Amino acid sequence: MNPKLSLVLVICMLAGITAKKYDEFTYNGFRRSELYLDGMAEITLNGLLRLTNTTRSQRGHAFHKVPLHLKNSSDGNVYSFSTCFVFAILTEYPGVSGDGLALVLSPTRELAGALPKQFLGLFNSTNDGNSANHVLAIELDTILNVDFGDINNNHVGIDVNGLRSINAATASYFIENIGEFKNLSLISGEPMQVWVDYSNLEKKLNVTISPISVPKPSHPLLSSFIDLSSVISDTMYIGFSASTGSSVPSSYVLGWSFKMNGQAAALNLSSLPSLPLKKKDGRKQTSLIIWLSLGIVVFITITAFSIAYIIRRKARYAEVLEEWELEHRTHRFSYKELFKATKGFREENLLGVGGFGRVYKGKLPTSKTEIAVKRISHDSRQGMREFVGEIASHSQLRHRNLVQLLGYSRRKGEVLLVYEFMCNGSLDKFLYDANKPTTLSWSQRLNIIRGVASGLLYLHEGWVQIVVHRDIKASNVLLDAEMNGKLGDFGLSRLYDHGSDPQISHVEGTFGYIAPELTKTGKATTSTDVFAFGVFILEVVCGRRPIMQQQSLDLHLVEWVWRSWKNGVILEVTDARLGGDYDLGEVELILKIGLLCSHPVVASRPTMRQVMQLLDGDLSLPEIPKYGSGIS
Ligand SMILES: *[C@@H]1O[C@H](CO)[C@@H](O)[C@H](O)[C@H]1NC(C)=O
Ligand SMILES: *[C@@H]1O[C@H](CO)[C@@H](O)[C@H](O)[C@H]1NC(C)=O
Ligand SMILES: *[C@@H]1O[C@H](CO)[C@@H](O)[C@H](O)[C@H]1NC(C)=O
Ligand SMILES: *[C@@H]1O[C@H](CO)[C@@H](O)[C@H](O)[C@H]1NC(C)=O
Ligand SMILES: *[C@@H]1O[C@H](CO)[C@@H](O)[C@H](O)[C@H]1NC(C)=O
Ligand SMILES: *[C@@H]1O[C@H](CO)[C@@H](O)[C@H](O)[C@H]1NC(C)=O
């Protein structure tokens, strides 16, 4: 065979194959389609062919790229053809119609002079109706335009060379079982299927429409005898056209199939791309938006609250821990632990309010140990290290007549001291609280005095450093279950090394317990502690406050006892609640020790060691020197 000839044959065969291939096509979605687009037409990401978007006065065209040869060139007959497509028109506002769309057969893909506003993007005012157009269109018209003889604003029409339809009908479909046509709304937003069939033999053009859920009805909506040979040119392009007028619908084509000389392949309706949210369901969409926004608001609120809760929780339990604190062997409680132990420092856990802070009862969550937590505000950062050092020292002090400091905790501007819990509270309540049904017996009082003396001696002499308590008074003596007195609250005491000069500081202590020299020198010493202890003894025996109110005059307890003693009626000062149930000799001795300790002359006061000896009877009571002018 001639190689040239065979090459030509091959080319012809290839051409035949290609030609044949374009005699039919099927698009279930347009993602892989061969369309020529112009104007607003575009293929969306999910494969919808969108002819118009919401921009006004625009047009969109989409033509199959390859021209069709619908005409037998030898006899001029137009071949049979069949096409079907699924479309949907989404309107911006429900019920407001747009311009619709049209299936078009045209000799060109451009439709050059077509107006955007009108004529479905097919014609302009001069060429509308011109037989030179060679245009066949199936219009899905949603506008009633009297100029074109439209029947209504929801019709299907067959247009030849112009928009004045040769045949038109209200959009409707034939329902088989009742044998009637049912109206359809083209702008419902629902996808609908259209079939256009032309029979070469009958010279008949049928147009059928139905909702997507209904298979092709047996009766077409439009059926026209028409010889297309004068309309169809040798090469024709097939496609869609749409325009947006004053209203702005979006026209979509979801799938399309075509076949020459045969039935167009049925579309696979389940694989068509889905439409965007329907404008028709404006209300649904609005409510969806409302629900979504509500959801977002709720979500944000919950998130914000959670964050606030976490921040508050963090702030609530925030504490300060510095490196130097690790040197101390003192137990450090976590703030959270104390917070939980005291049930969040609730009012009902409040044991009392002292000069330095509030004291709360608590129970350690793990060990169930009962504790008393004293909250002391401490703002100075400089003093903090010193202060904590002092606390650390105090926690080393161990005596059965001292309230044990168990540890501490620290947060910004606040120090929390944790003490052992004393179930009977402070002594002053027993002495002065009229509501207390029980009164302290003489032996209990004596035991408390001995205990406090023993504790104070330990502070003064029993430890590596001298500890001056500085605030001995009945309210600082706490009672345990057996009514043993324990000296508490070292909040005011200062430490100084043995042998060194006592620090000079401003006068601290409680009025009525302050030794006369302390107000002059400002030096707190063991002697000033002894003075306060003397007042304390008299307080316990007499059941009276150090400064008494008598006939609106301030009367010092010490002076009163001193005078009574001088007048030989010392036993008249004892607490009436004792009911005389005591050893006279013991009471007299204790009162005299009290007077000796609270002597205005420093040199006359015994040391705590001597006080212990006096109490134990190991030392005989010296002559009490005459009270001078030190006391008024
Ligand atoms: C509509 O399509 C045109 C052309 O593609 C584009 O310029 C315009 O921004 C689109 N309008 C909207 C609202 O999407
Ligand atoms: C074209 O028309 C001629 C004359 O009527 C006929 O013989 C021929 O088969 C037709 N071609 C096709 C493809 O139908
Ligand atoms: C109408 O369109 C034709 C081409 O189809 C063009 O020649 C003509 O100028 C257009 N007329 C107007 C008024 O745009
Ligand atoms: C269908 O719509 C047309 C035009 O709006 C109307 O005249 C006709 O009565 C409707 N038919 C039915 C069955 O509703
Ligand atoms: C057009 O519809 C009629 C029924 O109304 C039918 O007889 C005819 O075969 C149809 N023609 C085509 C090409 O589908
Ligand atoms: C139609 O499309 C679905 C989903 O893409 C697919 O599962 C099914 O096989 C298709 N049917 C036909 C007849 O092609």
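Order of listing sets the numbers, starting from 1, for every ligand and every atom in it. Note that the structure is predicted; figures quoted are calculated from it, not measured.
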* Please confirm whether N206 comes within less than 3.5 Å of ligand 5 when only nitrogen or oxygen atoms on both sides are compared. => yes
* To do: Look at atom 14 (O) of ligand 4 and say whether a protein heavy atom is found at less than 4.0 angstrom from it.
  => yes
* **Sub-4.0 Å protein heavy atom near atom 11 (N) of ligand 4** =>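 Looking at atom 11 (N) of ligand 4, one finds that a protein heavy atom does lie closer than 4.0 Å.
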* Is any NZ, NE, NH1 or NH2 atom of the basic residue among R358 and E347 found under 4.0 Å from an Asp or Glu carboxylate oxygen of the other? -> yes
For [X] and [Y], which I'm curious about, is there any donor-acceptor pair between the side chains at under 3.5 Å?
X	Y	answer
S80	N261	no
W195	S82	no
N268	S270	yes

* Asked: Quick one: which ligand 5 atoms are inside 4.0 Å of a heavy atom on D197?
  ->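 The atoms of ligand 5 under 4.0 Å from a heavy atom of D197 are 13 (C), 14 (O).
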* To do: Check step by step if ring pair (Phe, Tyr, Trp, His ring centres under 6.0 Å) holds for H64 and F258.
  => CA-CA 10 Å; H64 197 246; F258 174 87; 7.9 Å; no
* atom 4 (C) of ligand 5: which of P220, S199, S224 has the nearest heavy atom? ->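 Looking at heavy atoms only, the winner is P220.
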* **Six-ring centre of Y36, R109 cation under 6.0 angstrom, axis tolerance 45°** =>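 Yes, R109 and Y36 form such a contact.
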* Asked: What is the closest protein heavy atom to atom 6 (C) of ligand 2, and at what distance does it sit?
  ->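 Of every protein heavy atom, N72 ND2, 3.9 Å lies nearest to atom 6 (C) of ligand 2.
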* Asked: What residue and heavy atom of the protein are closest to atom 5 (O) of ligand 2, and at what distance?
  ->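 Minimum-distance protein heavy atom for atom 5 (O) of ligand 2 reads D75 OD2, 2.9 Å.
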* Criterion ring pair (Phe, Tyr, Trp, His ring centres under 6.0 Å) on F240 and F87, from CA distance to verdict -> CA-CA 11 Å; F240 298 93; F87 77 96; 9.1 Å; no
* Contact (N/O only, under 3.5 Å) between N183 and ligand 4 ->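 N/O-N/O distance under 3.5 Å: yes.
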* Using a heavy-atom cut-off of under 4.0 Å, does the side chain or the backbone of E202 touch ligand 5, or both, or neither? -> side chain
* Asked: Can you list the ligand 4 atoms lying under 4.0 Å from a non-hydrogen atom of N152?
  -> 4 (C)
